[in-house]
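Presented below is the structure to which this report refers.
Chain A is the first sequence line, chain B the second, and so forth, proteins listed ahead of strands; every chain is numbered from 1. Just so it is clear, the model here is predicted, and its values are computed rather than measured.
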There are 2 protein chains.
Amino acid sequence: MDQLSATFAALADPTRRAILARLTDGPATVKELSEPFDISGPAISKHLRVLEKAGLITRGREAQWRPCQLDATPLKEVAVWAENYRRFWDASYTRLDALLTEMKETEQ
Amino acid sequence: MDQLSATFAALADPTRRAILARLTDGPATVKELSEPFDISGPAISKHLRVLEKAGLITRGREAQWRPCQLDATPLKEVAVWAENYRRFWDASYTRLDALLTEMKETEQ
DNA sequence: AGGTTAGATAACCAAGTGGTTAGGTACGAG
DNA sequence: CTCGTACCTAACCACTTGGTTATCTAACCT
């Protein structure tokens, strides 16, 4: 799977996005990350593996803790990708684009 | 499923992103959209349904054609979400953020 | 050494995904 | 009316996903 697809797939889950949001406050242990959710440890473990494979977090080792840290690099690619559609966000731009397309067609 | 999750899930497939990219050139029929890919019609149909449910395309009716049109509104939400992580994209910002966090902690 | 805590792994389950083939509907053309 | 085209639905398949419980390792603390 390509990087962008992996990133989007990882972000398509509210729990994982909440984990990322939590990590903007700094590194956290698995236990700390799991506290806001009422799901089991293994479920969190799986979410973290998805995030790690997508390159969105890195994991260290400190005694019996495996602290997670945010790595937002892949999100830059997401933002850049989305920005390419900026001109289509607004209906007026959509109408303008339709007009431009029409003009281009009548030119030929 | 919430809007943002549905959008991310829809974007987590290269075929669907390619369809969206094609639609930036203007509306297209299902047949036209399916031409670049060597997958069956029903497979394209499913992709289009995912995109439609995510609000990324709208579908009209013209005789036996069902023209698809891009609706990039949900992508604005994606861009806004990603922008919130801009300060973490760059390692220098990450270090700065770590410093700020440390300063905030020693303050208390 | 024994107990507790953090965390991962394994095995399982229900539901979803991405694909297929087969068949159905709706419309235009001859 | 019949044929071809565009598109959808249905049924199926292999694989993935998000969750569970049970079990394991590793490290700390008495």
Side-chain angles (χ1 to χ4, degrees), chain A residues 1-23 25-71 74, chain B residues 1-23 26-70 74:
Chain A
M1 183 145 65
D2 61 300
Q3 175 63 51
L4 195 51
S5 296
T7 307
F8 277 132
L11 298 178
D13 185 288
T15 304
R16 286 194 290 263
R17 289 199 305 277
I19 289 175
L20 291 183
R22 162 64 185 82
L23 288 177
D25 289 338
T29 68
V30 176
K31 192 70 186 306
E32 286 167 348
L33 290 175
S34 73
E35 248 135 38
F37 313 101
D38 57 347
I39 60 179
S40 66
I44 295 288
S45 239
K46 285 191 181 183
H47 283 307
L48 292 179
R49 197 164 65 230
V50 172
L51 290 170
E52 192 178 22
K53 280 199 172 178
L56 286 162
I57 64 169
T58 54
R59 286 200 264 188
R61 252 160 220 259
E62 278 179 38
Q64 67 271 57
W65 296 282
R66 232 126 308 181
C68 300
Q69 190 169 10
L70 178 65
D71 181 357
Chain B
M1 184 147 63
D2 60 300
Q3 174 64 52
L4 196 51
S5 296
T7 307
F8 277 131
L11 297 178
D13 185 288
T15 303
R16 286 195 290 263
R17 289 199 305 276
I19 289 175
L20 290 183
R22 162 63 186 82
L23 288 177
T29 68
V30 176
K31 191 69 185 309
E32 285 166 348
L33 290 175
S34 74
E35 248 135 37
F37 314 101
D38 57 347
I39 60 179
S40 67
I44 295 287
S45 238
K46 285 191 182 183
H47 283 307
L48 293 179
R49 197 165 64 231
V50 173
L51 290 171
E52 192 178 22
K53 280 198 174 180
L56 286 162
I57 64 169
T58 55
R59 286 200 265 188
R61 251 160 220 258
E62 277 179 38
Q64 67 269 57
W65 296 282
R66 233 125 308 178
C68 299
Q69 190 171 10
L70 177 65

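Per the geometry, CD1 belonging to B:I44 stands 8 Å off P belonging to C:dG19, to the nearest Å. Residue B:K46 contributes atom NZ, which lies 18 Å from atom P of D:dC7 at whole-angstrom precision. Rounded to an integer number of Å, the gap from A:L48 CG to C:dT9 P is 11 Å. The distance between atom CZ of A:R61 and atom C1' of D:dA26, rounded to the nearest whole Å, is 9 Å. Regarding B:R66, its CZ atom lies at a distance of 7 Å from the C1' atom of D:dC8, rounded to whole Å. Regarding B:K31, its NZ atom lies at a distance of 19 Å from the P atom of C:dC27, rounded to whole Å. When the C1' atom of C:dG18 is taken as reference, atom CG of B:L51 falls 14 Å away, rounded to whole Å. Following rounding to the nearest Å, A:K53 (NZ) and C:dA8 (C1') show an atom-to-atom distance of 14 Å.
A donor-acceptor pair under 3.5 Å is absent between the side-chain atoms of B:Q69 and the main chain of B:I57, judged by distance alone.
Contact annotation: B:H47 does not reach the phosphate of C:dT17 (side-chain N/O to OP1 or OP2, under 4.0 Å). Considering only side-chain N and O atoms, A:S40 lies nowhere under 4.0 angstrom from the phosphate OP1 or OP2 of D:dG19.
Distance from the side chain of A:P42 is smallest to C:dT9 among C:dT9, D:dT9, C:dG18. Nearest nucleotide to the A:W65 side chain, out of D:dT20, C:dG18, C:dA6: C:dA6. You'll find that the side chain of B:Q64 is closest to C:dC27, out of D:dC8, D:dG18, C:dC27. Counting only heavy atoms from C-beta on, A:V30 has its side chain closest to C:dA8 among C:dA8, C:dT20, D:dG18.
B:R59 comes within 4.0 angstrom of sugar-phosphate atoms only, judged by non-hydrogen atoms across all strands, and of no base. As judged by a 4.0 angstrom heavy-atom cut-off over every strand, B:T15 is placed among residues making no nucleic acid contact. Residue A:A63 is classed as a sugar-phosphate contact, given heavy-atom separations below 4.0 Å to backbone atoms only.
A distance of 11.0 Å separates OG1 of A:T15 from CG of A:L20, quoted to the nearest 0.5 Å.
Counted within 6.0 Å of CG on A:D38, heavy atoms from surrounding residues, nucleotides or ligands total 12 or fewer; the atom is thus considered open.
A:R17 is listed as a side-chain neighbour of B:L4, based on a closest heavy-atom distance under 4.5 Å. At least one side-chain heavy atom of A:R49 sits under 4.5 Å from a side-chain heavy atom of A:R59.
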